[in-house]
Asker: 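For reference, the structure I am asking about is given below.
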2 protein chains.
Amino acid sequence: MQDKAKEMNYQPNTLASNLRTQKSNTIGIIVPHITKYFFSTAISGIEEEAHEQGFNVIICQSKDSVELEAKNINTLMSSRVDGILISPAIETSSVEHIQTAINRNIPVFFFDRHIDSISTTKVITDDRSTSKELTLHLLSQNIKRMAVLTGDQSVSIYKNRVKGAFEAFQESGYNTEDKLIMQQIHLNMDDAYRVVNEMLDNKMEFDAVFAMNDMAAIGTQKALQDRGLRVPEDVLVAGFSNELISKLVSPPITTVHQPAKEIGKMATKKMVNYIKEKDKGLIASETTVLESKLIIRASTQRDKVE
Amino acid sequence: MQDKAKEMNYQPNTLASNLRTQKSNTIGIIVPHITKYFFSTAISGIEEEAHEQGFNVIICQSKDSVELEAKNINTLMSSRVDGILISPAIETSSVEHIQTAINRNIPVFFFDRHIDSISTTKVITDDRSTSKELTLHLLSQNIKRMAVLTGDQSVSIYKNRVKGAFEAFQESGYNTEDKLIMQQIHLNMDDAYRVVNEMLDNKMEFDAVFAMNDMAAIGTQKALQDRGLRVPEDVLVAGFSNELISKLVSPPITTVHQPAKEIGKMATKKMVNYIKEKDKGLIASETTVLESKLIIRASTQRDKVE
DNA sequence: CTGAAAGCGCTAACAT
DNA sequence: ATGTTAGCGCTTTCAG
């Protein structure tokens, strides 16, 4: 009787439930930029998985600033989120704000970018080994000298990608001092364009460029082509992350596909699981490594074209 | 004394406050796909503005499905969001779920895509007039016949873009039956590629293509080039939305830049304002039209190149 | 096994 | 002006 009346259009008040249980059924997300395809795809995975498990997601952007990131963490803490998934800002000098949240018993898990010194659950990709694989592919084309355009080496993912490239050189018995030029840049199209032009102005010699993300690879390719150099005939070009655009430029660019959506889903699964198990005292931090995949396209193939 | 002790690290419990005030200080967002650049950019604007005003944002994707959209609305209602910003799904046949929320006194505002039959606040762009402007630009190049690739005409934005194109023809005194070919497609790269090839197979004649989004324009351009036709020498190609990629393909594509971030910010301002004024009974729905901007690139310029 | 009662931590109304 | 108290609607506990 009452039951039926209730079933008609009874809506339990989540606010009251949240207060009583001290749980918000909400997961906070912090990413550098929502508009980057990798992150929006990861968020898409997080959103799907979270909703399936009855959790909401609150989104924050750090704009790659530690200050904003700290603010975001405060916002999320005061919203009483049950956990935080974060891909931290570039400048990871200070990690207090993250420790603060953890100390307050709010789980903070990393996805993609991560901070080694903080012991918590992480869901990352095997950037190092795929970067190595890509470099071996470049070396197999008898290149004389390879330029690497990398980002801030304090960012885990860039550090690992560089590490992989070095490993490939060492494994192949090549001298990295002779055959490798390292350039740290802002990994975007404009800066890559500028730096490659500078390198050419300075008569640096190289016949392959491995940029640590696709936008930088595209800027590189454009710079080379504007100077009359052909890709891949004169210089090979490779990127990283498999942005949509990387297969649409001419020639399409060899890159590494990262399972962004799966990373998001996996991180969410780990988090939800942790939240549910937390009460039972089962706390263990683990690092999950998802496989990324080398995608070879025309920009690094001298013989056949995709 | 106590004050100081409290100031040290007192964190008011938002959950309790929310229950007491019956407000969540949260705005719900529903978009078709987070991963589309336009939407992630709009969300970025919403996030910034909302946080500035002390509101959180919960994000949902409808995947362009009315069922999922209805589910999202339920999720947001049960989360007791103070308002919902929505860019509705393609198939807007049923609008009950949106009406339900409005009837329950939860404000639902539209941004970008919108449903005319629902009377509420809307923040949109002047697609029609910019589409007209773009078409006039094409007509000024003495084209003989223009093909329009459009999406579902029940979607407000596509309908308005087509309307603008028609207006340009009429204003110029051209007969749309002779000079205009309309093709309704799925507005993505692959479908555009397929349809343009079909049109060429069927010996349809046209020397300009206006695709109602950039990805379709890129598919069009690729199809034309693969058949040995030159852009812009043989066929002009124009798109819509100014995706990042549209200026990176070869030739760069003429398109319309929409102020995605500003749309998000404006919609959020209207919503926050409404939420604050609601108690005072000041309810008025208004439609704000933001200006978009024609960006002419090489794909539609026979004389000079950008 | 069903039903009443206490309490989560705040805010708003009321009384001092 | 300041201090006290009731109550938001759930969940959990405790009594019947």
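Chain letters run A, B, ... following the sequence lines, proteins first, then strands; residues in each count from 1.
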Asker: For DNA chain D, what residues of residues 13-22 of chain A have any heavy atom nearer than 4.0 Å?
Answerer: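 Within residues 13-22 of chain A, the residues near DNA chain D are A/Asn13, A/Ala16, A/Ser17, A/Arg20, A/Thr21.
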Asker: A/Arg104: what forms a side chain to side chain contact (heavy atoms under 4.5 Å, CB included) with it, not counting sequence neighbours?
Answerer: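 For A/Arg104, the residues satisfying side chain to side chain contact (heavy atoms under 4.5 Å, CB included) (neighbours in sequence not counted) are A/Met77, A/Thr100, B/Gln11.
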Asker: Taking only residues two or more places apart in sequence or in another chain, which ones pass side-chain hydrogen bond (donor to acceptor under 3.5 Å, both in side chains) with A/Asp214?
Answerer: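 A/Asp214 satisfies side-chain hydrogen bond (donor to acceptor under 3.5 Å, both in side chains) with A/Thr255 only.
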Asker: Identify, with sequence neighbours excluded, every residue that meets salt bridge (Lys or Arg N to Asp or Glu O under 4.0 Å) alongside B/Arg80.
Answerer: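 With sequence neighbours excluded, B/Arg80 shows a salt bridge (Lys or Arg N to Asp or Glu O under 4.0 Å) to no residue whatsoever.
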Asker: Which nucleotide span of DNA chain C, 5' end to 3' end, has atoms closer than 4.0 Å to non-hydrogen atoms of chain A?
Answerer: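 First and last nucleotides in contact are C/dA6 to C/dG9.
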Asker: Could you pull out all residues at least two apart from A/Glu52 that satisfy side-chain hydrogen bond (donor to acceptor under 3.5 Å, both in side chains)?
Answerer: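 Expected list: none.
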Asker: How would you give the extent of chain B contacts on DNA chain D, as first and last nucleotide 5' to 3' within a 4.0 Å heavy-atom cut-off?
Answerer: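 Listed 5' to 3', the contact boundaries are D/dA6 to D/dG9.
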Asker: Show every salt bridge (Lys or Arg N to Asp or Glu O under 4.0 Å) that has at least one partner inside residues 41-50 of chain A, sequence neighbours left out.
Answerer: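 Qualifying pairs: A/Glu48-A/Lys261, A/Glu48-A/Lys265, A/Glu48-B/Lys63.
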Asker: Would you write the dot-bracket representation of DNA chain D, where each base gets (, ), [, ], | or . depending on whether it forms a Watson-Crick or G-U pair under 3.5 Å and with which partner?
Answerer: |.||||||||||||||
Asker: For A/Thr120, give me all partners under side-chain hydrogen bond (donor to acceptor under 3.5 Å, both in side chains), at least two apart in sequence or on another chain.
Answerer: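 Expected list: none.
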Asker: Scan the side chains in residues 33-45 of chain B for donor-acceptor partners under 3.5 Å anywhere in the protein, sequence neighbours excluded, and list what turns up.
Answerer:
residue: B/Ser40; atom: OG; partner: B/Tyr37; partner atom: O; Å: 3.2
residue: B/Thr41; atom: OG1; partner: B/Tyr37; partner atom: O; Å: 2.6
residue: B/Ser44; atom: OG; partner: A/Gln61; partner atom: NE2; Å: 2.7

Asker: Answer yes or no: does atom CD of A/Glu291 have more than 12 heavy-atom neighbours from other residues, nucleotides or ligands under 6.0 Å?
Answerer: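 Result for CD/A/Glu291: open.
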Asker: Can you check whether B/Ile115 reaches B/Phe110 side chain to side chain, under 4.5 Å on heavy atoms?
Answerer: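 Yes, at least one pair of side-chain atoms sits under 4.5 Å.
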Asker: Could B/Arg113 and B/Asp64 be called an ion pair, given the rule that one side-chain N must be under 4.0 Å from one carboxylate O?
Answerer: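 Judged by the 4.0 Å cut-off on N to carboxylate O distance, B/Arg113 and B/Asp64 do form a salt bridge.
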Asker: Can you name the ring pair (Phe, Tyr, Trp, His ring centres under 6.0 Å) partners of A/Tyr158, sequence neighbours left out?
Answerer: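 Here no residue qualifies.
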Asker: Crowded around B/Lys71 NZ? As in, over 12 foreign heavy atoms under 6.0 Å?
Answerer: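 Not buried by this count: 12 neighbours or fewer within 6.0 Å.
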